[in-house]
Amino acid sequence: MKNLNIAKIMGIGLLSALLASGCSTNSANTATAASNTASDTEASAQSSGAAQAAAVKLASVDAAKQAGFDSDDALTTWSEDSSTMIKLSTTGAAVSGSGAAVEGPVITITKAGTYVVSGGSYSGQIVIDAPKDAVVHLVLNGAQIKNADGPAIHVKEADKAIITLQAGTDNTVSDGAVYADTSVDAPSAAIFSKGDLTINGTGKLSVQGNANDGITSKDDLKIASGTIAVKAADDGLVGRDLIAVKEGTITVNAGGDGMKTTNDTDADKGYVAITGGTFDIISANDGIQAASSILISGGTFDITTGGGSEASTKTHQEEPPRGFSGGQPQDQTQGQPQSPQGQPQDQTQSQTQDQTQNQAGEQTQAQDQAQTEAAESESTSTKGLKAAADIAITGGEFQVDAADDAIHSNANAAIMGGQYSIASGDDGIHADTALSISAGTVNITKSYEGMESADIAISGGKIHVTASDDGVNVGGSSDDTSAGGGKGMDAPTDGTLTISGGYTYVDASGDGLDSNGSIVMNGGTVIVNGPENGGNGSLDYNGTFKQSGGLLVAAGSSGMAQAPSESSSQRALLMTFPNTLEAGTLVTLTDSLGKAVVTFAPTKTFSSVVISSPDLKAGAEYTLSTGGKAAGTVTDGLYAGSTTSGSSKVVTFTLGDKVTYLNESGVTTAPSNGGFGGGGRGPGRGRGDQSGDQSSGQSTSTGVTG
């Protein structure tokens, strides 16, 4: 693995800050959480520790400070009297002033100072070979430079080279497809610098990297301003120690990575730090890649990698419901050991047998997945934003269409602001260790899995996820085999999905909210349109789902249906319908006065629905109805201030003090077909949460009319 000491230190504190700041904006949720039992509070704090720790640190990271622009980087002014003038032509070059000399096709600059280059169609090279402490200011004032067998601009030695794009000018540089120097340390880009390189000014620069890269610095590469278009056979922009962008318009078309840093040995280097600018990147491989962390506080990004999400070959493989064999349901009684009276033995024993079968099946699935991922590890990485360490984004507008993950961190990722439109062939947003979202608008229009990490915390923001597999998935540590990890997101973990605020909408063909550890929810709004197949559930957790606040509405299939845990302090209900209902069918829950508590129209066929709201009161009478029409403000199928007409009553019941399980006949027990999702769980709830009276509510009447 890469040397990520700094990144790890950052990660320990980064996600905590985000959650802390996010929770402070939800005073109502905080007040609700304060009234919870001590056990609930302690469980929540323990479960979200990893995400909180990373959030705190990343929230304090300053992209501008990391970028490190100084006064030299802002140097754009010059005068003819104090500068060396270099005039290019098709027949050669003329130098007026000191510090530069022409020898054949090569112009060599040997000392600090300002050099102004103008003229076109020059077949040759500008070489900067100055003292190690020299700052060389190179002004491109309408220059066209082409070198057939090497870089057009080659900085062999200098403390820093500053290239200014003169206002109102067009400048072009290009190299040859084959370099004369093919040694190990040979230059590899049309503009190549062994020292720090800064580009500024308001003019235009077009770079053609025919051999390998477009622009490369073996130290820091900084872009302060300018309009820069790069087309490269391999990578577009490369900075070994740092790529920093402050302003400018950057267009990259790369046969390799769009922008990248390469120093993976120094813990405090290898960063990408962006505070502004406009980026249009099309790359065969990763769009923006950092050997360390990516820090972004602003900018507009349009990134397409690997041909986009449509080029992905990743598909969702549906699983049969747990407890199925060969795709056929097992009889719940037939074949079970019988007591002398002919009745099934203790249900716990049968559950243990089921669990053993399911675990064996999951081991086989994990083996198959490992083989698939071993093959994938040899393929090219085509991620949108990819960091070997952390990703911290506080602002910006992002349009990402990636064949692989759109945003990927091998450590922690924190979304603290910005607007995101994401289409991904794999994960929309992925972090190996922890993912935190505290602000911003995230719209994942296409993905295999929407958001994935070993620990996820949502404390703010507005999130929409569409996924062909799981919508929000808490699992193992790594899915980036190219970085030395291995996928493993289906293995049981201690990770937690913590939701304390924000708005989260999920449309998933696999599990909606999926945690191979636990789920904690004490605020926010969550709407789930879950799977239509019985092998997945709108909610899927291995440990517990403790809810003490917020609004949760989740609809989907019933084969793997789960409700929040019995240990939750907020009431919830799980309704299992006798038949599958059509997409768009209204589900309305009203209180004894006929006031709608929840009115929801799922976007897909469904046979179960989970509702948990702070407005639900134990011992109160409620009616659940389907169909009809609703009037009111609708957002993602959820109606606010609604009135419903023409609906058909399904059941009237008295709500229990924990989780109330319903069917068309009234209150019942937790469904036994919940199976062992996410690594194994008990029937209808988390495996580690067997407490509570499942039938505490009493049915008052039934009315199955629709």
Side-chain angles (χ1 to χ4, degrees), residues 61-78 112 114 128 130 132-140 151 153-155 157-166 171 173 189-205 207 209 213-230 232 235-252 257-263 266 268-279 281 288-301 387 396:
V61 172
D62 187 342
K65 183 177 180 180
Q66 187 65 43
F69 284 92
D70 57 27
S71 58
D72 284 341
D73 298 319
L75 178 61
T76 60
T77 59
W78 59 276
T114 299
I128 297 175
K132 291 183 178 181
D133 60 350
V135 174
V136 177
H137 184 203
L138 186 67
V139 179
L140 298 184
I153 298 176
H154 184 189
V155 184
E157 188 74 72
D159 180 51
K160 177 181 290 187
I162 303 165
I163 297 178
T164 293
L165 310 179
Q166 183 62 31
N171 305 275
V173 297
I191 298 178
F192 182 87
S193 176
K194 293 191 70 174
D196 293 339
L197 176 63
T198 296
I199 300 175
N200 62 26
T202 59
K204 296 180 180 180
L205 173 64
V207 179
D213 305 333
I215 303 173
T216 291
S217 168
K218 301 301 288 184
D219 284 323
D220 294 349
L221 173 59
K222 298 180 181 180
I223 298 176
S225 58
T227 298
I228 303 168
V230 177
D235 304 325
L237 304 177
V238 181
R240 182 178 184 274
D241 295 341
L242 171 72
I243 287 183
V245 181
K246 186 176 184 180
E247 295 177 7
T249 299
I250 300 170
T251 302
V252 176
D257 298 321
M259 298 170 55
K260 69 186 294 184
T261 57
T262 60
N263 190 337
D266 295 332
D268 58 344
K269 296 181 180 180
Y271 283 83
V272 172
I274 299 172
T275 61
T278 299
F279 302 81
I281 298 174
I288 299 176
Q289 177 189 339
S292 182
S293 296
I294 294 176
L295 313 174
I296 300 175
S297 61
T300 300
F301 302 80

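On a predicted model such as this, the values are computed, not experimentally measured, just so you know.
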Identify each donor-acceptor pair in which a side-chain atom of residues 189-199 lies under 3.5 Å from a protein atom, sequence neighbours left out, and give them as a table.
unit_1: Ser193; atom_1: OG; unit_2: Gly195; atom_2: N; d: 3.2
unit_1: Ser193; atom_1: OG; unit_2: Gly195; atom_2: O; d: 2.8
unit_1: Asp196; atom_1: OD1; unit_2: Asp220; atom_2: N; d: 3.0
unit_1: Thr198; atom_1: OG1; unit_2: Asp73; atom_2: OD1; d: 2.6

Nearest 0.5 Å, please: how far is [atom2] in [Y] from [atom1] in [X]?
X      : Y      : atom1 : atom2 : answer
Asp70  : Leu75  : CG    : CG    : 10.5 Å
Glu157 : Lys132 : CD    : NZ    : 5.5 Å
Tyr271 : Asp266 : OH    : CG    : 11.5 Å
Phe301 : Ile274 : CZ    : CD1   : 4.0 Å

Indicate yes or no: at least one non-hydrogen side-chain atom of [X] is less than 4.5 angstrom from one of [Y].
X      : Y      : answer
Leu237 : Val230 : yes
Leu242 : Lys222 : yes
Leu165 : Thr227 : no
Asp241 : Thr261 : no
Leu140 : Gln166 : no

Are Asn200 and Ser225 linked by a side-chain donor-acceptor pair shorter than 3.5 Å?
-> no
Is any NZ, NE, NH1 or NH2 atom of the basic residue among Asp62 and Lys65 found under 4.0 Å from an Asp or Glu carboxylate oxygen of the other?
-> no
